[in-house]
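These notes concern the structure reproduced below.
Computation of the quantities below employed the complete heavy-atom set of this structure, encompassing side-chain atoms and omitting hydrogens, waters and symmetry-equivalent molecules. Along the sequence shown, residues carry numbers from 1.
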Amino acid sequence: MISIPAAAPKTVEIAIVGAGVVGLATALRLAGEGREVLLIDPNEPGSGASFGNAGTVAEYACMPVGNPGVLRALPKLLFDRDSPFALRWAALFQLAPWLLRFVRQSLPAATHANALALAGLLAESLPAWEEMAAEAGVADLLRRNGCLYIYRSESDFAAAAGGRAMRAKLGVHQEVLTAEQVAALEPRLAEFQAQGLFFPDSINVCDPKTVMQRLAAAAADLGVQLLRAKVTGLMSEAGGVRLSGPGLATVARTAVIAAGAWSRALATQAGDRIPLDTERGYHLEFPTAAPLLNRPVCPVDLGFYMTPMEGRLRVAGTVELGGLAAPLNPRRLTLLDRGVRQIFPELGRPSSEWLGFRPSLPDSRPVIGPSRNTPGVIHAFGHGHLGLTLAPITACLVADVIAGRGDTARLAAFASDRF
């Protein structure tokens with residue numbers, strides 16, 4: 001990536017705020033169409049949640065986080081310190097408005113509407129990923145072995161019936177497996193009499209960090225410039241959108257807000273009040289001499305993914321609501337460690353641990369499309385658990401908006417004023 005070590009350009013055609021996977025994919029797409037693009041981020045490109053995720057391109061994941069099953073279990077989930085869905089109680093006052101919206105979005109009619117919107121976007125995610133992978137030279141880092149959910153009790157399998165029915169209704173390719181079929185796919189799981197749900201079309205990346213580095217390099221080859229700076233101010237003025245911050249004063253004809261969990265303050269300055277909050281995600285990695293699994297596997301009762309990566313097993317997931325400021329919660333890492341040892345008790349000590357921040361909206365839909373109040377501002381954030389999955393198709397949609405092409409009505413479900 002080309003770095004600008006001193007001052008930012010005074011003017012630029014398109015500035016993208018945020019160099020996570022959504023920002024990188026958008027920069028790559030726009031530069032490929034001949035646009036002048038400046039990517040602004042205080043950190044290394046792709047170093048946040050884009051690096052620390054489970055590595056799954058989850059085209060099947062149309063069920064929103066908020067749904068009737070979660071709503072029924074919410075009191076138990078929130079009050080059980082070891083549940084996969086946790087709340088930092090010190091942040092309760094700040095989170096209360098978000099939680100109220102989340103509860104409303106977990107009712108049946110809202111769940112169906114949210115799943116329908118996500119399914120429409122996810123249906124285009126795999127073709128968009130394949131196109132971007134070829135363009136950026138990351139196809140060798142993709143694994144096309146599907147993704148497997150395992151249910152270690154009949155009650156867990158029965159409780160997930162609503163999700164299976166919803167996915168089936170929305171056309172998601174899924175296969176229910178017996179314990180014997182699970183063992184055939186994953187011999188290391190043979191001792192578990194677990195039913196499975198297999199998503200055969202899903203792909204995953206074997207090293208998210210390398211993927212992000214290659215996306216950045218491919219964007220640089222197309223002329224994208226990176227400015228390591230923090231954007232703290234945004235306002236409309238003649239000729240475009242002024243972005244400001246320490247050492248930064250740039251006017252962009254178009255500004256794309258793709259700053260993930262840090263996007264809300266900039267959207268507010270654009271006049272769009274969006275109920276974005278933060279899910280704190282964790283992972284542990286364990287070195288492995290040989291892969292323990294053939295594909296990402298999610299033990300549903302434990303609420304995390306186990307993904308085989310280059311030389312290691314990454315255990316990633318759970319949800320902790322609690323903002324950006326609090327330090328790492330060692331209890332969440334202990335939960336992951338204890339859980340994965342139920343599956344692989346012979347694992348040694350983890351070689352690394354990580355905390356990152358997912359941008360989370362109560363309805364699980366991202367915000368994609370133009371600001372309703374500031375011309376020249378386009379939103380592309382709030383992807384929650386689906387940032388890696390939806391980055392390429394989000395980039396296509398942003399490029400369409402900027403070029404004035406495509407069916408703008410399809411963005412209504414993701415509009416900034418839907419709240």
Side-chain angles (χ1 to χ4, degrees), residues 1-2 13-41 43-59 61 118 121-139 141-142 203-205 207-226 254-263 356 358-359 366-369 378-403 406 411 414:
M1 181 66 70
I2 302 171
E13 182 185 5
I14 299 169
I16 301 173
V17 184
V21 66
V22 174
L24 287 168
T26 303
L28 186 65
R29 182 78 184 191
L30 291 170
E33 296 185 1
R35 304 284 187 176
E36 178 195 23
V37 179
L38 174 67
L39 195 57
I40 309 173
D41 196 300
N43 302 308
E44 188 71 21
S47 59
S50 303
F51 153 77
N53 55 67
T56 57
V57 180
E59 93 298 337
L118 286 172
L121 206 55
L122 289 163
E124 303 176 77
S125 62
L126 289 183
W129 244 103
E130 297 285 6
E131 181 182 351
M132 185 179 76
E135 182 179 356
V138 299
L141 299 175
L142 302 185
I203 62 179
N204 68 283
V205 301
D207 195 326
K209 181 178 180 179
T210 303
V211 170
M212 299 307 130
Q213 290 172 338
R214 291 195 194 173
L215 290 179
D221 289 343
L222 292 174
V224 174
Q225 294 183 302
L226 171 69
T254 301
V256 180
I257 302 177
W262 289 266
S263 298
R358 305 185 192 106
V367 177
I368 306 172
I378 297 174
H379 299 305
F381 61 84
H383 295 75
H385 297 249
L386 296 173
L388 185 70
T389 301
L390 294 176
I393 187 60
T394 298
C396 294
L397 294 171
V398 170
D400 286 348
V401 170
I402 292 173
L411 291 178
F414 310 101

Test side-chain contact (heavy atoms from CB on, under 4.5 Å) applied to I368 and L390, step by step | CA-CA 11 Å; I368 306 172; L390 294 176; over 6 Å; no
Which heavy atom of [X] sits nearest a heavy atom of [Y], and at what distance?
X    : Y    : value
L411 : G369 : CD1-CA, 4.3 Å
G260 : P359 : C-CB, 3.4 Å
V22  : A380 : CG1-O, 3.6 Å
A258 : S263 : C-OG, 4.1 Å
P208 : S50  : CB-O, 3.7 Å
A27  : V224 : O-CG2, 3.8 Å

Value rounded to 0.5 Å, distance of [atom1] in [X] from [atom2] in [Y]:
X    : Y    : atom1 : atom2 : answer
T210 : F51  : OG1   : CZ    : 10.0 Å
I378 : T394 : CD1   : OG1   : 12.5 Å
L39  : L28  : CG    : CG    : 11.0 Å
I16  : I257 : CD1   : CD1   : 12.0 Å
E59  : L121 : CD    : CG    : 12.5 Å
D400 : R29  : CG    : CZ    : 7.0 Å

Taking the side chain as C-beta and beyond, is there a heavy-atom pair between [X] and [Y] under 4.5 Å?
X    : Y    : result
V205 : L142 : yes
M212 : L388 : yes
P392 : L126 : no
E33  : I402 : no
V21  : N53  : no
F414 : L397 : no

Test side-chain contact (heavy atoms from CB on, under 4.5 Å) applied to L215 and M132, step by step = CA-CA 9 Å; L215 290 179; M132 185 179 76; 3.9 Å; yes
side-chain contact (heavy atoms from CB on, under 4.5 Å) between R35 and T254, intermediate numbers included = CA-CA 11 Å; R35 304 284 187 176; T254 301; over 6 Å; no
